[in-house]
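Atom set for the values below is all heavy atoms of this structure, side chains included, hydrogens, waters and symmetry mates excluded.
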Amino acid sequence: MNNMDETIHEQEAKASKYEMKLSLNVLKHLGINLYSNVAAVLTETVANGWDADAEKVEINLNKENDSIEISDDGCGMTVDDINQRFLMIGHDRRKAGYTITQKFERPVMGRKGLGKLSLFSIARKIRIYTVKDGQKNGFILDVDKIEETLKGGEDKTYCPDEISAEDVIITKGTLIVLSDLVKSRMTSQKVLKKRLARRFTVISDNLNFEVTVNGDKVQVSDRDYSNKIEYLWTLGDHNMLKSVIDGCSKKKRHNHWDGIVDAQLQYIAEGWIGTVETSGQLKDPEIGNINGVVLMARGRVVHEDILGEFNDGRLFTKYVIGEINADFLDLDDQQDIATSSRQSLIEDDPRYLLLKSYIQNKLNDIGRVWHDYRNEDGGKQAEEQIGAIKEWLKDLKPAPRKAARKLIGHIQGLPIDNESDRKELFKHGIIAFEKIRMKEQLDKLDTLTTFDANQFKMIFDEVDELEAGYYHEIVTERLAVIKQLEKLKDDNTLEVEMQKHIFKHLWLLDPSWERATSSERMEESLRKEFGEVTALIPDEAKGRLDIRYQKVSGANVIIELKRQGRSVTALELYAQGAKYHEGWTKCLQNSGQPSPYVEVIFLIGNPPNERRSGEANDLLAPINGRWFTYRRLIEMAIQSYSEYLEESAKVNKVQKILNNL
């Protein structure tokens, strides 16, 4: 009996060596559901290493046994430390007098005593091994057992399973092993390094604090945004920011502020705000959008993104990234304003409101100059990198050159991923600019008081060159349409496509023609167009025009479309054409044109069934008639436009520039 009592006593003593008191509600809301990713959780363990005067924190992601190990060479913990500080939920080390570390005199990061609960966000089982003053201690936190214990009611005492001293294999500091991991919250070595580098400013050789992931050292360069900064604004002690300034090796401009948030309260902010060249540079393929400004205090993140608090829709904010350290947000003698997850701040705290106002003012300063910077530097960049633009700008006079650089700079700064699209915008921008410049030149005609042949020649030479360049763009697009039609080998398909295109694109017939006149509808009757015309005989009045076109010269053209498979003779074409010719002539005479000129054009699938090739043309001559096959029309259009492009490319300066873009 005595032996049994002794065994029970030993078990109770063993079970009560480590004690944790918490409620099931606290476990769920401040533990399992507190953090959403591994980096945020491991931030707490790295901060604990800092507070333990560690010089090195090592993180190992073990895929083979599905675990994460975090070890540090800090001061470790005794049994009292474990119970009174680590396992005591809500232990405020600042109030307990632990504000500065003993060895390196570091300002401690921890405060609420909730960080250890974050481990439950990514692991169901946690093993902790620690050594201090020669004492080896170890215990296991098991979520399943904690939940089972807490089912009995609120604020139950949970006693972690002890790990014997013989099984504590480390000789210094603390080792934490996380197992039964939550797979959805796992990450890679590269991503973890990047996230940790962005969450601390104290990871530095100068501060005797090193963090590694699978043996690979976390460094400032892992943040992977310094080389993307185009414009940089720093604040605070300029000397302390030297590494930041030097790291932004591609910056084009740098401005500095003193960082004084409140002179009377001696609130100082230190850090930087930068803008990148393209908004796409802030879309990290591994961790998502990094567009924002991180707030730090005591060298670790306390707010993931203050930029999002301003709800600022201005364009430049989409290019902003930054990091600001404000230690006055975490003063020992004032209340803790960090939320439980330590990823944001209590919004109505006076210190936070002061900092928000300061940052808002600085963002306004940036917004006032950002567009000017972009326009000036973008124009220079495009001029340096694109020879065609440099050539174009070189020939402009100083005043229009300044405006042109602003236009080019604006285009260069647009958030466009595809550079070929940007070049198209450059083309349209140059054409638009030249059209405006042409108008300015034409306006000079009104101011001329004497006839100056050289001045007139200069003005009209510019106009002619611009029109040629602009028309060259149109011809290029037209030729692309024609060549697509040429690829259609089936004649019936070609006829259908041609009839779709030709009404709106009469340039298929003649480069100088633009569009059918008077009506958007094909086959419009003569009677509907002009009403009752008594001079028309019944057959003429019933005639229906496929397409009517009036040239600039005043000549009127009637176009008749025939189906591909229909066989026609020149006599048939003449009979129909004569009806159109006479009927339309009478209509025009009745409307006030005494001697109208009318042409009739037939589009047919195959040549007329005449023995002699010239017979059809001879027969159609009296009505100013002509015929083309659909296939021949395509050939003629390609030849006409190709010759124009070849010839104009030799002489047109603006077009040469557009071609070289």
_Stepwise salt bridge (charged side-chain N to carboxylate O under 4.0 Å, His left out) test for R198 and D284_ = CA-CA 13 Å; R198 293 176 178 178; D284 192 304; 3.6 Å; yes
*asked:* Can you list everything that forms a side-chain hydrogen bond (donor to acceptor under 3.5 Å, both in side chains) with T101? Sequence neighbours excluded, please.
replied: D53
_E424/K427 ion pair, N-O < 4.0 Å_ = yes
_Test: side chain to side chain donor-acceptor pair (under 3.5 Å). Region: residues 350-360. Which pairs qualify, not counting sequence neighbours?_
H303-Y352, Q334-R351, D349-R351, Q360-N364
*Does a side-chain N-to-carboxylate-O contact under 4.0 Å join R199 and E44?*
no
*If you take all heavy atoms of S179 and A123, which pair is closest and at what distance?*
O-CB, 3.4 Å
*Spell out, as yes or no, whether a donor-acceptor pair under 3.5 Å connects the side chain of N291 to the backbone of T317.*
yes
_What I'd like to find out is whether the side chain of I359 reaches to under 4.5 Å of the side chain of F310, using heavy atoms alone._
yes
*Answer whether the closest heavy-atom distance between the side chains of Y98 and D51 falls below 4.5 Å.*
no
*asked:* Once ring-ring contact (aromatic ring centres under 6.0 Å, His included) is applied, do any residues pair with Y129, and if so which ones, sequence neighbours excluded?
replied: none
*asked:* Contact between V38 and V41 at the side-chain level, heavy atoms closer than 4.5 Å - yes or no?
replied: no
Report all side-chain donor-acceptor pairs from residues 240-250 shorter than 3.5 Å, counting only partners two or more places apart or in another chain.
unit_1, atom_1, unit_2, atom_2, d
K242, NZ, D246, OD2, 2.6

*asked:* To the nearest 0.5 Å, what is the distance between NZ on K251 and OG1 on T275?
replied: 13.0 Å
*Taking N60 for its side chain and N62 for its backbone only, find out whether a donor-acceptor pair lies under 3.5 Å.*
no
*Which pairs count as ring-ring contact (aromatic ring centres under 6.0 Å, His included) when at least one residue sits in residues 201-224, sequence neighbours excluded?*
W50-F209
_Those residues that, when tested against R127, pass salt bridge (Lys or Arg N to Asp or Glu O under 4.0 Å) (two or more places apart)_ = none
*Close side-chain approach of V369 and R253, heavy atoms under 4.5 Å*: no
*Quick one: are I290 and I321 in side-chain contact, heavy atoms under 4.5 Å?*
yes
*How far does NZ of K362 sit from CH2 of W257, to the nearest 0.5 angstrom?*
6.0 Å
Which atom pairs, one a donor and one an acceptor, fall under 3.5 Å between side chains of residues 262-273 and the rest of the protein, sequence neighbours left out?
unit_1, atom_1, unit_2, atom_2, d
D262, OD1, Q264, N, 3.1
D262, OD1, L265, N, 2.8

_Are T187 and I287 packed together at the side-chain level, in the sense that at least one heavy-atom pair is separated by less than 4.5 angstrom?_
no
*Results of side-chain hydrogen bond (donor to acceptor under 3.5 Å, both in side chains) for E323 - residues two or more places apart only*: R223, Y225
*asked:* Donor-acceptor pair, distance only, cut-off 3.5 Å: does the side chain of R298 make one with the backbone of V108?
replied: yes
*Under a 4.0 Å N-O cut-off, is there an ion pair linking E376 with K252?*
no
*State whether R300 and D330 are salt-bridged, where the test is any N-O pair (Lys NZ or Arg NE/NH1/NH2 against Asp/Glu carboxylate O) under 4.0 Å.*
no
*Find the distance between CG (D66) and CG (L61) and round it off to the nearest 0.5 Å.*
11.0 Å
*Measure from the side-chain N and O atoms of N208 to the backbone N and O of E55, and report whether any donor-acceptor pair falls under 3.5 Å.*
no
*Roughly how far, to the nearest 0.5 Å, is CD1 of I411 from CD1 of I430?*
8.0 Å
*Gap between atom CG of L363 and atom CG of D312 - 0.5 Å precision*: 7.0 Å
*asked:* Using the rule given for side chain to side chain contact (heavy atoms under 4.5 Å, CB included), can you reason through Y319 versus E230, listing the C-alpha separation, both sets of side-chain angles and the distance that settles it, and then say yes or no?
replied: CA-CA 10 Å; Y319 295 73; E230 183 178 35; over 6 Å; no
*Measure the shortest side-chain to side-chain distance between M109 and V46 over non-hydrogen atoms and say whether it is less than 4.5 angstrom.*
no
*Quick one: do the D81 and T78 side chains pair a donor with an acceptor below 3.5 Å?*
yes
*Tell me, with the steps shown, if I176 and L178 meet side chain to side chain contact (heavy atoms under 4.5 Å, CB included).*
CA-CA 7 Å; I176 300 174; L178 309 178; 3.8 Å; yes
*asked:* Run the ring-ring contact (aromatic ring centres under 6.0 Å, His included) test against H256 and tell me which residues pass, sequence neighbours left out.
replied: H238
*Only counting residues at least two apart or in another chain, list the ones meeting salt bridge (Lys or Arg N to Asp or Glu O under 4.0 Å) with K228.*
none
*Would you say the side-chain atoms of R401 pair up with the backbone N or O of L396, donor to acceptor, closer than 3.5 Å?*
yes
_Qualifying residues under salt bridge (Lys or Arg N to Asp or Glu O under 4.0 Å), relative to K190, sequence neighbours excluded_ = E286
*For side chain to side chain contact (heavy atoms under 4.5 Å, CB included), just list the numbers for M77 and F86, CA-CA rounded to whole Å, side-chain angles, deciding distance to a tenth of an Å, and then say yes or no.*
CA-CA 9 Å; M77 295 180 287; F86 188 86; 3.8 Å; yes
_Closest non-hydrogen atom pair, A39 against L196_ = O-CD2, 4.1 Å
_Could you work out, with salt bridge (Lys or Arg N to Asp or Glu O under 4.0 Å) as the rule, every residue matching D327, not counting sequence neighbours?_
none
*Rounded distance (nearest 0.5 Å) linking atom CG of D237 with atom CG of D258*: 11.5 Å
*Measure from the side-chain N and O atoms of R422 to the backbone N and O of Q412, and report whether any donor-acceptor pair falls under 3.5 Å.*
yes
*Dump the intermediate steps for side chain to side chain contact (heavy atoms under 4.5 Å, CB included) on Y231 and I366, then the final yes or no.*
CA-CA 10 Å; Y231 305 127; I366 292 173; over 6 Å; no
